[in-house]
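Reading through the structure tokens given below for one structure.
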2 protein chains.
Amino acid sequence: MGRAALNGFMGDPAEAGAAIFLGDCTEVIARNIPAQYVNMIVTSPPYADQRSGNYGGIHPDRYVEWFLPKARAFKDCLAPDGSFVLNIKEKAVGGEKHPYVYDLVLALRREQDWRLVDEYCWHKRNCYPGKWPNRFRDSWERLYHFALSPKFKMRQEEVMVPMGDWREKRLASLSDTDMLRDESRHGNGFGKRVENWVGRDMAYPTNVLHMATECGHKGHPAAFPKALPEWFIRLFTDEGDTVLDPFAGSGTTLIAAIGLGRKAIGIDTQAEYCEAMRSAVRALS
Amino acid sequence: MGRAALNGFMGDPAEAGAAIFLGDCTEVIARNIPAQYVNMIVTSPPYADQRSGNYGGIHPDRYVEWFLPKARAFKDCLAPDGSFVLNIKEKAVGGEKHPYVYDLVLALRREQDWRLVDEYCWHKRNCYPGKWPNRFRDSWERLYHFALSPKFKMRQEEVMVPMGDWREKRLASLSDTDMLRDESRHGNGFGKRVENWVGRDMAYPTNVLHMATECGHKGHPAAFPKALPEWFIRLFTDEGDTVLDPFAGSGTTLIAAIGLGRKAIGIDTQAEYCEAMRSAVRALS
DNA sequence: CTGCACTATGAATCGCTAA
DNA sequence: GTTAGCGATTCATAGTGCA
């Protein structure tokens, strides 16, 4: 392979390009994953004080100190042009949104030099029902895109979306002015040039993602929908690259990665989840 | 009135319940607005380093120190059960999203005891075009809801929306332009007035708002769509209450407030904008 | 008053070049 | 070195005018 091998990778051929480790991700990464081995990290860590039945729950006030050593390990095993996508959302405590997510992001920037490239908004079309006197249902989550350098791998063409219907009417009959670059009232060089869009039916997406949550999950309590890691994996990796989910849970990220022809590494502290992941991955082949 | 009067309020009867002040909001509030006089503050301040042609531009690194004294004044003039809605979004600097918004929110919490109740997501359906190697178009902005106490005024029924499938069916039978005209006549895409939908199934909204920015703005560089302040004014005030916009700009908030039977106070540092607001408010009566 | 065509523009960002 | 200016790139919507 010409580079350091992953300890224990491909231990089970039936696992079709997936390695699954039981344990705390900080230690597993230190022991088993060579430096700069991973092309991308996508994960949805346990949120503060949530899922206490499964993970014991991290108190919001301690979340940052709990997370930082793990992020340090992520940095060690991530390739220089790799990306780290973090799905997280704060919860309400005492009628307020707790600021631990903000504290975490600022700490990652200032203490570990992660570059905060963008904050994607995942709009959950079918969010959890409920009613409270002081707030509405929380219908969106954050997906932070961190990188280690200004130039990271990004394949924008892989996630293009159909253009709006406006173009059909508009481009069917191009007016004279549409054929010219319109520089009017923009000193900044921006001018519409509708002509550019002839023959084009796809547009680049925005940083707002509309996806429904998957209901009826058995086993793991709070997985994101498979389409979510899929989208970022296509955007930030090539085929054959390696994707890591250090809080793999039910294994959604691994399934998505393998389905897209990437290699996958999953880590979880719970033996049941590791077992479930193994079964799910095996079922793919 | 049984409470302190606003200095200079109603100076011009033609202004129909609106007071417009020229100056820095910190000073205007101290001089002209009694303590706890205002029921709600909705505003979209100049973003860091933007609009240098109009407002001089505040450097991102200095934004927090620029904003905090103003927020202190807001606190002084806001009623104990009032709300403060802040529309803001960070910008990209050197390939990263600058963290000044996070710094500001944390400072408001920790230095001034503002309660961060929720962060609404405004999804801008028609965001600015553009293509860059490292990011997609930014299609959402933040709307922070701050309060001074756990029990604030909130009228959730006023912003209920018709439930999905019925609304789509009805609008599908109208032509596209019909629908557009219908929506714009009623001012927003949310709900129009609840009375119009009696007998229909209504649902509470979520904290994600889908609204297009208004095109064809002249004069002021960055007004949010009128439907945005309208929505929050209906949610957090009653008729006859007083709404303050300390960075009033083109006066969108005032127009929205007056149209909903609220009193309005606008402050801006630019004489032109104050004049434009006066004209716009006069045109309402 | 409706339907259709056409126009204008909105809180943008990166990278290069010149000073 | 550092900064300021300008070109290039890009969609979706509201508004206006006209038949």
Side-chain angles (χ1 to χ4, degrees), chain A residues 117-118 150-151 154 156 160-197 200-208, chain B residues 43-55 57-58 60 87-98 101 122-142 174-185 187 189 210-228 247 249-250 252:
Chain A
V117 180
D118 207 357
K151 297 225 180 245
M154 191 177 196
Q156 302 193 357
M160 291 183 83
V161 293
M163 265 179 125
D165 342 334
W166 62 272
R167 65 171 285 283
E168 279 157 39
K169 293 171 190 163
R170 185 70 185 286
L171 298 179
S173 58
L174 274 182
S175 66
D176 290 344
T177 40
D178 274 352
M179 298 297 290
L180 298 169
R181 182 180 197 86
D182 179 11
E183 293 284 3
S184 61
R185 57 203 307 116
H186 278 276
N188 58 3
F190 173 82
K192 77 177 157 59
R193 190 168 174 180
V194 178
E195 191 212 345
N196 274 355
W197 295 322
R200 208 186 287 187
D201 46 4
M202 301 293 273
Y204 293 100
T206 70
N207 62 357
V208 174
Chain B
T43 197
S44 188
Y47 295 1
D49 217 2
Q50 305 278 114
R51 302 197 286 194
S52 48
N54 295 284
Y55 283 99
I58 304 102
N87 169 221
I88 198 165
K89 187 75 195 263
E90 59 276 4
K91 63 172 295 193
V93 178
E96 284 191 276
K97 290 287 184 178
H98 194 283
V101 174
W122 167 27
H123 169 43
K124 299 189 283 188
R125 276 145 58 220
N126 61 337
C127 68
Y128 207 87
K131 182 184 188 314
W132 307 277
N134 54 349
R135 69 183 67 253
F136 291 129
R137 292 170 290 152
D138 193 355
S139 189
W140 65 287
E141 299 204 9
R142 311 167 189 282
L174 299 170
S175 74
D176 284 352
T177 32
D178 249 356
M179 186 172 101
L180 286 175
R181 276 175 201 183
D182 197 42
E183 295 283 354
S184 59
R185 197 162 30 232
H210 301 273
M211 251 177 280
T213 57
E214 282 160 4
C215 307
H217 261 288
K218 316 187 203 309
H220 193 265
F224 45 27
K226 187 170 149 230
L228 205 52
F247 306 98
S250 60
T252 310

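Note on naming: letters A, B, ... go to the chains in the order of the sequence lines (proteins, then strands), and numbering restarts at 1 for each one. Please read these numbers as outputs of a predicted model, since none were measured by experiment.
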Calculate the interatomic distance between E214(B) atom CD and dA12(D) atom P; express it in whole Å. 19 Å
Would you classify F224(B) as touching base, sugar-phosphate or nothing, given that sugar-phosphate means primed atoms plus P, OP1 and OP2, and contacts are heavy atoms under 4.0 Å? nothing
Is the phosphate of dT13(D), meaning OP1 or OP2, less than 4.0 Å from a side-chain N or O of R125(B)? yes
Contacts of C127(B) and D138(B) projected onto DNA chain C by closest heavy atom; the upstream (5') one is C127(B)
In dot-bracket notation, what is the pairing pattern of DNA chain D, taking Watson-Crick (N1-N3 plus N6-O4 or O6-N4) and G-U wobble (N1-O2 and O6-N3) contacts under 3.5 Å, with [ ] crossing and | for other strands? .||||||||.|||||||||
Separation of atom CG in N126(B) from atom P in dG15(D), rounded to whole Å: 11 Å
I'd like to know if the side chain of N87(B) and the backbone of P45(B) have a donor-acceptor N/O pair within less than 3.5 Å. no
In whole angstroms, how far is the P atom of dA8(C) from the OH atom of Y128(B)? 15 Å
Just so I know, are the side chains of Y128(B) and T206(A) near enough to count as touching, which here means a heavy-atom distance under 4.5 Å? no
Check the distance between dT10(D)'s P and M163(A)'s CE and give it to me in whole angstrom. 9 Å
Would you say the base of dA11(C) and the side-chain of S44(B) have a donor-acceptor pair closer than 3.5 Å? yes
How long is the line joining NZ of K89(B) and C1' of dA11(C), in whole Å? 11 Å
Side-chain heavy atoms of K89(B) within contact of V101(B), under 4.5 Å: no
Using a strict threshold of under 4.0 Å (side-chain N to carboxylate O), is an ion pair present between E141(B) and K124(B)? yes
Measure from NE2 on H123(B) to C1' on dA12(D) and round the result to the nearest Å. 11 Å
Counting distance only, does the side-chain N/O of D138(B) pair as donor-acceptor with the main-chain N or O of N207(A) below 3.5 Å? no
What's the CE-P distance between M202(A) and dC11(D), to the nearest Å? 11 Å
Are P46(B) and I58(B) side-chain neighbours, meaning at least one heavy-atom pair lies under 4.5 Å? yes
Distance in Å, E90(B) CD paired with R142(B) CZ, rounded so as to fall on 0.5 Å steps: 4.0 Å
Look for any protein N or O under 3.5 Å of an N or O in nucleotides 14-16 of chain C and output each such pair with its distance, or none.
{"residue": "dC14(C)", "atom": "OP1", "partner": "N134(B)", "partner atom": "ND2", "Å": "3.2"}
{"residue": "dC14(C)", "atom": "OP1", "partner": "R135(B)", "partner atom": "NE", "Å": "3.2"}
{"residue": "dC14(C)", "atom": "OP1", "partner": "R135(B)", "partner atom": "NH2", "Å": "3.4"}

Whole-Å distance separating the CD atom of Q156(A) from the P atom of dT10(D): 10 Å
Quick one: are R137(B) and W132(B) in side-chain contact, heavy atoms under 4.5 Å? yes
Measuring from F136(B):CZ to K131(B):NZ, what's the distance to the nearest 0.5 Å? 8.0 Å
Using the P atom as the reference point in each nucleotide, state the distance between dT9(D) and dA11(C) in Å, no decimals. 23 Å
